[in-house]
Amino acid sequence: MDIETFALDASVFEESKELSTGETYDLLIIGGGPAAMSAAVYGARKTLNLGLVTKDFGGQVGETSAIDNWLGFQSVNGRDLVNQFTEHVRAFGIPAKTGGAVTAVSREGELFRVTTVDEGRYVAKTIIAATGKRHRPLNVPGEREFLGRGVAYCATCDAPFFKGKTVVVAGGGNSAFTTAVDLLKVGAAVTLVNAVKGWQADEYLQERVRQSGAVRFLDNHEVSLIEGDRQATAVVVKNRLSGNAKKIDAQGIFIEIGLVPNSEAFRDVADTTATGEINVDCSCRTSTAGFFGAGDVTTVPYKQIIIAAGEGAKAALSAYDYLLSRGFI
Amino acid sequence: MAVLKDVEKEKLRQLFQGLMEPVTLLLFTQETECQFCETTRTMLEEVTALSDKLSLTIRDFVADTNEAERYGVDKIPATVILGAKDYGIRFFGIPSGYEFTVLIQDILGISKGVPGLSEETLTMISAIGTPAHLQVFISPACPYCPSAARMVHQFAMASDHVRGDVVESSEYPHLTVKYNVSGVPHTVINEDHSIVGVLPEKDFAREILKVLGVKWEGADVSVK
């Protein structure tokens, strides 16, 4: 068994300035993933009076075991990359409110008012929404009941518990195939179940999984039920063409069927798509002047770390231009 | 072979300048070291060498049974963090990955003598009057685990009735079977009550009080 490294997240020890409820910030950035952190760095370099509001730092990156497409690193552990991001941001002494998910953003005249779950209230001239996405649930019977008892969403966290066991992975994209790879490493027997015909993962990943010869592929099938008693014991899938159901004996199911945008707090202030993504233009502007979006929570195509970071930079520069054009700074 | 990189050592040296009271790390291992015992020992030797305020005591789990019993150590590697007293803070298994930062947070917190919890949470914890054994199962690669791990140690520091164990799941598969753990973080309270995931500290305190049969109604605490 490999031993994880001893890398320190030094940012948790730094006394960050508290976000002030009595101040009107030039820019408030909501989120803690690569888009938000990149926006913070760019905003700080423009010497904006800015603050950060986030539930936590890292976003989906922290869940990723190995990242092979962040420029400059042939492969980097998600945790190490997040540590470097947060250290970079903290070096600017940006006031931050952590542990407080944003519940609402409203427009009041030229200003925005941000409310957090613990009833913190903050005011800013511009906002960048960079709250990313969260795992999409299957919404089938058994999913909630067996959470942590066979139902899992984080292969980096939980794959080792399924050593030598039979596991279903629901999904057909990169995350599902990466999860399959993580499970193969611990000797699990994997069945990939995709609700649509074919597979959406990158060819490179598909090839890697197929070459293992240890994965069963079941497309055009949807998961309809997770069964068990103390622990999950079976997953029932239904053929979408014939309607026939079949039971797969499995001690676990990893759900990787996509992501849901964390945009609920912004829906009164910015237009979103039917799936909840914030509509942005190529300058990260939304339907409301002064309110910008960046990263996976927006309609920007291709949800990638490097794209999210780029979008965060662009959103900060757009916010800066907006502040200048309005004579706010 | 050294396990800490020079860059991490430098960060730690700077952090340890803020140490106030001495902290002792008590490691239980054995003569023929287990798979993770040697690396844990090496890491702790390197960490404690970075400040005069830190010391490491090594005990043999097999030979020093009295000591092991005294600290409630029933498996190795086990790291007990001692400050002005034994707060009931334990790591079972190697504190690597995300938990390495928790180890350092614990050292700093104990040295300063502050659990780092809100006043409201501390008030709730003060209502705990019977033993609460918190075991949080973690995986070193799990980004959600350090919050849960740190929290049980903060609670242990805040109450003489609480013991907080961080248990590295892969090293004790028999315990994951015993407590039906197949997702982390998974916290077991007094053997028969489980929480999967991370709760905000006030909700966690409320859950412990509920398990212990202490009724919590805002500012008032009464035993059922």
Side-chain angles (χ1 to χ4, degrees), chain A residues 1-15 55-66 77-80 82-83 87 99-101 117-118 144 146-163 165 167 182 186 228-232 251-252 254, chain B residues 2-5 7-12 14-15 18 35-36 38-40 42-43 46-47 94-105 108 118 137-147 150 168-171 173 176-177 180-186 194-198 200-202:
Chain A
M1 205 180 319
D2 293 338
I3 293 175
E4 289 283 326
T5 57
F6 300 99
L8 195 69
D9 175 8
S11 68
V12 305
F13 303 102
E14 287 171 21
E15 301 277 335
K55 196 170 66 171
D56 50 27
F57 286 105
Q60 299 162 58
V61 184
E63 263 188 34
T64 312
S65 50
N77 178 299
R79 181 184 66 247
D80 294 344
V82 169
N83 286 349
E87 278 187 51
V117 68
D118 51 356
R144 288 174 72 89
F146 294 108
L147 177 64
R149 294 188 293 133
V151 173
Y153 298 88
C154 174
T156 311
C157 308
D158 299 336
F161 294 107
F162 296 91
K163 185 179 179 180
K165 294 185 176 172
V167 183
D182 287 344
V186 299
D229 37 57
R230 199 166 167 248
Q231 190 81 19
Q251 291 85 51
F254 281 76
Chain B
V3 295
L4 294 183
K5 290 180 184 164
V7 64
E8 305 301 337
K9 285 184 180 174
E10 189 46 45
K11 284 183 207 169
L12 288 170
Q14 287 177 17
L15 281 173
Q35 186 185 0
F36 294 99
E38 185 182 353
T39 311
T40 303
T42 307
M43 180 271 289
E46 291 178 28
V47 167
I94 188 167
S96 63
Y98 280 103
E99 271 58 46
F100 180 62
T101 299
V102 177
L103 172 75
I104 305 304
Q105 285 177 294
L108 289 167
S118 72
F137 289 81
I138 58 94
S139 291
C142 160
Y144 309 105
C145 292
S147 304
R150 175 71 180 133
E168 204 280 274
S169 305
S170 69
E171 293 176 57
T176 64
V177 172
N180 199 24
V181 177
S182 64
V184 288
H186 180 130
S194 286
I195 297 169
V196 177
V198 187
E201 61 179 54
K202 279 185 274 187

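As the structure is a computational prediction, the values presented were derived from the model and not from experiment. Within every chain, numbering begins at 1; the chains are lettered A, B, ... in the order of the sequence lines, protein sequences first and strands thereafter.
- Once rounded to the nearest 0.5 Å, the distance linking OG1 of A/Thr5 with CZ of B/Phe100 reads 9.5 Å.
- For A/Lys55, the NZ atom counts as loosely surrounded, since its 6.0 Å shell holds 12 or fewer non-hydrogen atoms of other residues, nucleotides or ligands.
- Ranked by heavy-atom pairs under 4.5 Å with chain B, the list A/Arg230, A/Gln251, A/Arg149, A/Gln231 is led by A/Arg230.
- Interface residue A/Phe162: only side-chain heavy atoms are found under 4.5 Å from chain B.
- Across all non-hydrogen atoms, the minimal contact from A/Arg79 to B/Ala141 is NH1-CA, 4.4 Å.
- When all heavy atoms of B/Ala2 and B/Glu46 are compared, the pair lying nearest together is CA-OE2, 3.0 Å.
- With chain A as partner, the option from B/Pro143, B/Ser169, B/Pro173 having the largest number of non-hydrogen pairs under 4.5 angstrom is B/Pro143.
- With a 4.5 angstrom heavy-atom cutoff, B/Ile104 touches chain A via backbone and side-chain atoms both.
- Scanning all heavy atoms of the two residues, the minimum distance from B/Ser139 to B/Cys145 falls at N-SG, 3.8 Å.
- For chain A, no part of B/Glu99 is nearby; none of its heavy atoms comes within less than 4.5 Å.
- Taking chain A as the reference chain and counting heavy-atom pairs below 4.5 Å, the highest number among B/Ser96, B/Cys142, B/Gly197, B/Pro185 is found for B/Ser96.
- In this structure, A/Leu147 and B/Val196 approach most closely via the heavy-atom pair O-CG2, 4.2 Å.
- Neither the backbone nor the side chain of B/Pro146 comes within less than 4.5 Å of any heavy atom in chain A.
- Between B/Ser170 atom OG and B/Ile138 atom CD1 the span is 8.0 Å, to the nearest 0.5 Å.
- Comparing B/Asn180, B/Val184, B/Leu103 by heavy-atom pairs within less than 4.5 Å of chain A, the highest count is held by B/Asn180.
- Neither the backbone nor the side chain of B/Val198 has a heavy atom closer than 4.5 Å to any heavy atom of chain A.
- With a threshold of 4.5 angstrom between heavy atoms, B/Tyr144 approaches chain A through side-chain atoms but not through N, CA, C or O.
- Between the OG atom of B/Ser182 and the CZ atom of B/Phe137 there is a distance of 12.0 Å, given to the nearest 0.5 Å.
- The parts of B/Val181 that come within reach of chain A are both its backbone and its side chain, each placing non-hydrogen atoms under 4.5 angstrom from that chain.
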